[in-house]
Amino acid sequence: MDYNTIFVGMDVHKEKFSLCCYSIEKDEFSHPHTTAADYKHVLAYIASLRGVFGENASFLCGYEAGCLGFTLYHQLTGHNVNCVILAPTTMPVVKGKKKIKTDKRDARNIAKCLAHHDYSPVHIPTEQDEQVKEYIRMRTDHKLALKKIKQQILAFCLRHNLRYEGKSHWTAAHVGWLKSLKPEALYGEILKEYLLTFENLTDKIERLDKRIDELAAKEEYGENVKKLSCFLGVQTQTALSSIVEVGDFKRFSSAEKFASYLGLVPGEDSSGDGQTRLGITKAGNTHVRRLLVEAAQSYGRGQVGHKSKALKARQQGNPPEVIAYADKANERLRRKYYKMVLSKGKKANVAKTAVARELACFMWGMMTGNIA
C-alpha cells in the first residue's frame, strides 16, 4: 500500500453499515456515511470516492469478524474490491476510564488500523472448509441442546422425589428406569415429552456423527485426520474441526504463535520491573480452544505410556514416524499433567489448560511436518 491507497473502515451490523475512509497522506478521516446492510451500497460508496480521490486511487476495505461471517468479504472481493476481515482481539484497545463507543468511532478505528496494519487478518477458509465447519458447529449446537434436556430431566425427577438408585446416569439402565416411571396426572405427560426430545436429539447426534465420519474420510481431509487422531483425546470430530477451522497450519511460523492464535497462552500485565502473569488470553478461535481443552482431560486418566485399544486402532495405518511423534507427545503431556497436579499442587483445570497449550504445539508440529 502507498499514499494513493484509501482505507475504508466498515462497522457492520445486521441492519446497517457505518463507513468511513482514512488517508495516510492527509492523516485525516473523511466521508462518514451510514447505509443499509447491503454490499451494493458499499460498492456505490467506493465509486463515489473515486470521484474525490481520482481514478488512480486504490481502496482497501475492512471490517471486524462478527455476525456477518465471510459473506460480505466474498461479495466485495467478487467485485474486485480489496477486503480484509480484522480479528477484534488483535486490534489496539482504547485506553482510559471514559470510553465512548459509537458505530462512527468504530469505523474510524478500523480504517486507521487498516492504514497502520495494527491488526491480524482472519483466515478466509475455502468454500468446502466453511461448509464442513458450519456442519460441525451445527452438531455442537445439538449436543448442547442434548446436555440441557438431560439436566432438565434430572431436575424434574429431583423436584418430584424420583430418585435413581443405580451407579450413574444416562446409561441404558438409567434410561430404562426413566421410561418405566409413571408419575401421576400431567407429570407423566411432561416426563414423556422430555424423554421424547431426549431420544430425538440422541438419534440425530448419532446420525450427524456418522456424516462427520464420512466427511473426514474424504481425500482432502482423510490423511490429516488420521495423523491428528494419533494424539490421546483427539478423535475424528476434534481432528476434522481443527483442520477446517485453522486452514493452513503453515501460516503460523512457530508452535508458540499457533497456541497464541488459539488464546491458550497466558496474558501479562507488566510495568517497570514488576511482572504479573494473568490467565490465558482466550483470544482467537474459541471453538478449537474448547475442543483442545476437552481433549486435554484424557491426559488426566491412565498410566504414563499406556495405549488403549481405541488409540492403537486410530494410530493404525499411519507412518511409523508419525506414531512415534504422537506417542512422545502423549507420554510427555501425561507426565506434565500428573507432575502439575500431584507434585506442584496445581488445580486440575490449570493443568488441563497447560496440557491443551502443549497439545496445540504438538498438533502444529504434526501438521507442518516438524516431527523430528
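All values below come from the heavy atoms of this structure, side chains included, with hydrogens, waters and symmetry mates left out.
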May I ask you to check whether F29 and Y22 place their ring centers less than 6.0 Å from one another?
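Distance test on ring centres: under 6.0 Å, yes.
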Distance in Å, [X] [atom1] paired with [Y] [atom2], rounded so as to fall on 0.5 Å steps:
X    : Y    : atom1 : atom2 : result
D129 : I243 : CG    : CD1   : 9.0 Å
F70  : Q75  : CZ    : CD    : 13.5 Å
C20  : I110 : SG    : CD1   : 10.0 Å
D11  : E64  : CG    : CD    : 6.5 Å
N4   : I6   : CG    : CD1   : 8.0 Å

Polar side-chain atom of Y221 near backbone of L215 as donor-acceptor pair, under 3.5 Å:
no
Ignoring hydrogens and angles, tell me if any N or O in the side chain of R159 forms a donor-acceptor pair with the backbone of L154 under 3.5 Å.
no
Any heavy-atom pair between the side chains of E206 and D209 that's under 4.5 Å?
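Answer no - side chains too far apart.
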Minimum side-chain heavy-atom gap K133-H287 below 4.5 Å:
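No, their side chains stay 4.5 Å or more apart.
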Check ring-ring contact (aromatic ring centres under 6.0 Å, His included) between Y325 and all other residues, then give those that pass, not counting sequence neighbours.
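Once residues adjacent in sequence are excluded, the partners of Y325 under the ring-ring contact (aromatic ring centres under 6.0 Å, His included) criterion are F362.
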When you compare the side chains of S168 and H174, does any donor N or O come within less than 3.5 Å of an acceptor on the partner?
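The criterion, which ignores hydrogens and geometry beyond distance, is not satisfied for H174 and S168.
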Any side-chain donor paired with an acceptor under 3.5 Å for Q237 and R139?
yes
Taking distance alone, no hydrogens or angles, what donor-acceptor pairs closer than 3.5 Å link side-chain atoms of residues 33-54 to residues at least two apart or in another chain?
from	atom 1	to	atom 2	distance (Å)
D38	OD1	K40	N	3.0
Y45	OH	H31	O	2.5
S48	OG	Y45	O	2.6
R50	NH1	A57	O	3.1

Test side-chain contact (heavy atoms from CB on, under 4.5 Å) applied to A216 - qualifying residues, sequence neighbours left out:
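Partners of A216 by the side-chain contact (heavy atoms from CB on, under 4.5 Å) criterion, ordered by chain and then number, come out as V225, T236, L240.
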List in chain and number order the residues that pass side-chain contact (heavy atoms from CB on, under 4.5 Å) with A173, two or more places apart in sequence or in another chain; answer none if no residue qualifies.
Y164, T171
Taking only residues two or more places apart in sequence, or in another chain, which ones meet E358 in a side chain to side chain donor-acceptor pair (under 3.5 Å)?
R332, K336
Applying side chain to side chain donor-acceptor pair (under 3.5 Å), name anything that partners S343, two or more places apart in sequence or on another chain.
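With sequence neighbours excluded, S343 shows a side chain to side chain donor-acceptor pair (under 3.5 Å) to no residue whatsoever.
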Could you walk me through whether K16 and D103 pass the salt bridge (charged side-chain N to carboxylate O under 4.0 Å, His left out) test, one step at a time?
CA-CA 10 Å; K16 66 177 183 178; D103 293 348; 3.7 Å; yes
Tabulate below the donor-acceptor pairs under 3.5 Å that side-chain atoms of residues 258-266 make, not counting sequence neighbours, or state none.
none

May I have all residue pairs that pass side chain to side chain donor-acceptor pair (under 3.5 Å) and include part of residues 140-151, sequence neighbours excluded?
none
Provide the full list of salt bridge (charged side-chain N to carboxylate O under 4.0 Å, His left out) pairs with a residue in residues 233-251, sequence neighbours left out, each pair given once.
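Qualifying pairs: R137-E245.
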Pair listing, salt bridge (charged side-chain N to carboxylate O under 4.0 Å, His left out) test, anchored in residues 310-330, at least two apart:
K307-D327
Quick check: are there more than 12 heavy atoms from other residues, nucleotides or ligands sitting under 6.0 Å from CG of D203?
yes
Using atom types as modelled, flag every donor-acceptor pair under 3.5 Å from a side chain in residues 191-201 to any protein atom, sequence neighbours excluded.
from	atom 1	to	atom 2	distance (Å)
T197	OG1	E193	O	3.1
E199	OE2	K179	NZ	2.7
N200	ND2	L196	O	3.3

Before giving the answer on salt bridge (charged side-chain N to carboxylate O under 4.0 Å, His left out), spell out for E214 and K210 the whole-Å C-alpha distance, their side-chain angles and the decisive distance to 0.1 Å.
CA-CA 6 Å; E214 293 175 2; K210 289 181 180 178; over 6 Å; no
Can you name the salt bridge (charged side-chain N to carboxylate O under 4.0 Å, His left out) partners of E134, sequence neighbours left out?
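Counting only residues at least two positions away or on another chain, E134 forms no salt bridge (charged side-chain N to carboxylate O under 4.0 Å, His left out).
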